[in-house]
Amino acid sequence: SISDPTEIQSFLDNFNSQAQAVFYKQSEVSWTYYTNITDYNQKLMLDEQLMSAKFSQEAYRNATRFNLTVMTQEDRRLFIKIMDIGTAAQTNETKLAYLNKVQSDMETIYSTAKVTMPSGQRLPLDPDLTQLMATSRNYDELLAAWLGWRAESGGKMKNLYAEYVEYNNEAVKILGHADTGAYWRSWYDTPTFEDDVRALFDQLRPLYEQLHAYARRKLKQIYGNDKFPSSGHIPAHLLGNMWAQQWSSLIDELTPYKGKPTLDVTDEMVRQNYTAIRIFQTADDFFKSLGMIPMPDTFWDKSLLEKPQDGREVVCHASAWDFYNGRDFRIKQCTVITAEDLETAHHEMGHIEYFLQYKDQPVSFRDGANPGFHEAVGDVISLSVQTPEHMHSIGLIPTVSNDTESDINFLMSMALQKIAFLPFGYLIDQWRWSVFRGETTPEKYNEEWWNLRCRYQGISSPVPLTSSDFDPGAKYHIPAGVPYIRYFVSFVIQFQFHKALCDEANYRGPLHRCDIYNSKPAGTLLSNMLKLGSSKPWPEAMNLLTRQRKMDAQPLMDYFKPLLEYLRQENGNDYGWHPICPTDPT
Ligand SMILES: C[C@H](NC(=O)O)C(=O)O
Ligand SMILES: [Zn+2]
């Protein structure tokens, strides 16, 4: 095997320049499809994916000719990443083409699905059903939207998913991974990763149990006790969100102390004629205030920031794109003028900022330190943006009152976004890992999904389950093949990051009121971590930013401590639910 340093360097240099060209082409062709769903554009994308796979297979073959033991740590890390080619390891082109086609067809079903409402209207998820789930308080209307969406999305792809699992597992086993779940977890490069996330979830469950109890009591007042099963579960369609994953749209009903200025800035944004562009300029302004890298001109020229009105079908689920040429970075978001989309814009721009900070790294290091890091960047900024102080400073709330009651109201609004999410963020890949392992077989897909939803989220299906349903397919990341534990990791570490940046900004008050806006030191500290990309093991990146090497739920618990005390007082013994699904689904 090759040990000559000159040959090692020239291989890496060649790979780097070729990979940029190949990945650029694949990004462009994919972008064309995601922003204009047609059979023709899908075929171009699938063809390009096969070309890109051939490039990766050849790079893999060439890389295995080198002797990794004589290399520098950095070069060895590059070679390992060059050889981590995922499903492109499938050299049987027919099988790889079929896997990619099935994956793309599931994502297309999801992205073009429409529900025929009792009124006869045919509604897509974005923006119509999302808006309905957030604003309707009519039990039957919510049920119609919820049932319709499951039927038109997941209900149309159950057999496809079983094939996707089989072909995806076969491909990654060629690289030596036990199954697709093992491959996805390998990106965290932590042998105890599964145990670590379970420990974090167990540590945080009391917070969620208290919030769940509080929400359940309020929702019973709205919909009537008879709509709730005796097991303590909340019917899945009543939480203001199609997947009950975040409950922010219930803020007005769940605000503990009425009579204070609303914390939902949606109405004010609409009143001020906010546009999608202005939402993204607001986010860009925050990064600039930290001395971080502004969005480049190509971002503003080439992003798709609103759902096209020209009849084109697009994949509306928001995403941020790196075109791997160091210059072209875009967001695709069907932005609507709501507080939630202001937050999403910061989330997506956090990805772009990460791309910008590590753009001069070798291609194989242009990734998050681990996938959770990439999901955390924008959210950390958004923790500052959402403070009453910052919302006041950008004119979206009239006054800042930090008396105890207003403080609890604010913490409740943040808990509906961050605490409500934790079991959902945790259970998606619990389900998928069990599917990839073969523990959950196709006839058990739906039942096991609801077992986890009932056990961890304390919500249940408002209708009896049938084995032809495939409710996992009603959530984007399942048909799109996007791993999900990254969001659970992000929701924990973003509070570690927030605490570290607030310390760096010399902020002294309670963590939940910290706004790092304009802090150049905080911006420098964050930038230095982001610049690393995936060039170092993630504990080193974590240490650089937070002075510790582990994921730690303490900052999140400290942030919400005053609210937990309030909730325990409010709930008394009225909290918790039966771990298995109710038989009386109301
Ligand atoms: C939390 C996750 N965010 C994302 O996809 O960007 C979601 O929307 O389900
Ligand atoms: Zn993201």
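Counting starts at 1 for both ligands and their atoms, in listed order.
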Margin query: Closer than 4.0 Å to some heavy atom of His347 - which atoms of ligand 1 meet that?
Written below: 6 (O)
Next item on the list: Would you check if there is a donor-acceptor pair between the side chains of Asp285 and Tyr517 at a distance under 3.5 Å?
Entry: yes
Checklist line | Aromatic contact, Phe495 with Tyr559 (centres under 6.0 Å) | finding: yes
Checklist line | Residues Gln42 and Asp105: side-chain donor-acceptor under 3.5 angstrom | finding: yes
Check: What pairs with Phe488 under ring pair (Phe, Tyr, Trp, His ring centres under 6.0 Å), at least two apart in sequence or on another chain?
Finding: Tyr426
Check: Would you say the side chain of Leu525 lies within less than 4.5 Å of the side chain of Leu501, judging by non-hydrogen atoms?
Finding: yes
Check: Is there at least one pair of N or O atoms, one from Tyr484 and one from ligand 1, spaced under 3.5 Å apart?
Finding: yes
Next item on the list: Considering heavy atoms of the protein only, find what lies nearest to atom 8 (O) of ligand 1 and give residue, atom and distance to 0.1 Å.
Entry: His317 CE1, 3.6 Å
Note to self: Please list all pairs meeting salt bridge (Lys or Arg N to Asp or Glu O under 4.0 Å) that have one or both residues in residues 371-386, counting only residues at least two apart or in different chains.
What the structure shows: Asp379-Lys418
Check: Is there a side chain to side chain donor-acceptor pair (under 3.5 Å) between Asp429 and Trp184 once you walk through the steps?
Finding: CA-CA 10 Å; Asp429 280 350; Trp184 289 1; over 6 Å; no
Item checked: Atoms in ligand 1 with a heavy atom of Lys475 nearer than 4.0 Å -> 7 (C), 8 (O), 9 (O)
Margin query: Tell me whether His477 reaches ligand 1 (any heavy atom closer than 4.0 angstrom to a ligand atom).
Written below: yes
Next item on the list: Using a strict cut-off of 4.0 Å, indicate which atoms of ligand 1 neighbour a heavy atom of Gln245.
Entry: 1 (C), 7 (C), 8 (O), 9 (O)
Next item on the list: Check each atom of ligand 1 against the heavy atoms of Glu348 and keep those under 4.0 Å away; list them by number with element.
Entry: 6 (O)
Checklist line | Polar side-chain atom of Lys332 near backbone of His317 as donor-acceptor pair, under 3.5 Å | finding: yes
Item checked: Options Phe424, Trp243, Phe488, Tyr487, ranked by nearest heavy atom to atom 3 (N) of ligand 1, top entry -> Tyr487
Margin query: Closer than 2.8 Å to the Zn ion (ligand 2), what protein N/O/S atoms do you find?
Written below: His347 NE2, His351 NE2, Glu375 OE1
Check: With a 6.0 Å cut-off on ring centres, are Trp247 and Tyr208 close enough?
Finding: yes
Check: Should Gln246 be listed as contacting ligand 1, given a heavy-atom distance under 4.0 Å as the test?
Finding: no
Check: Got a sec, which residues hit side-chain hydrogen bond (donor to acceptor under 3.5 Å, both in side chains) with Arg330, two or more places apart in sequence or on another chain?
Finding: Glu28, Asp328
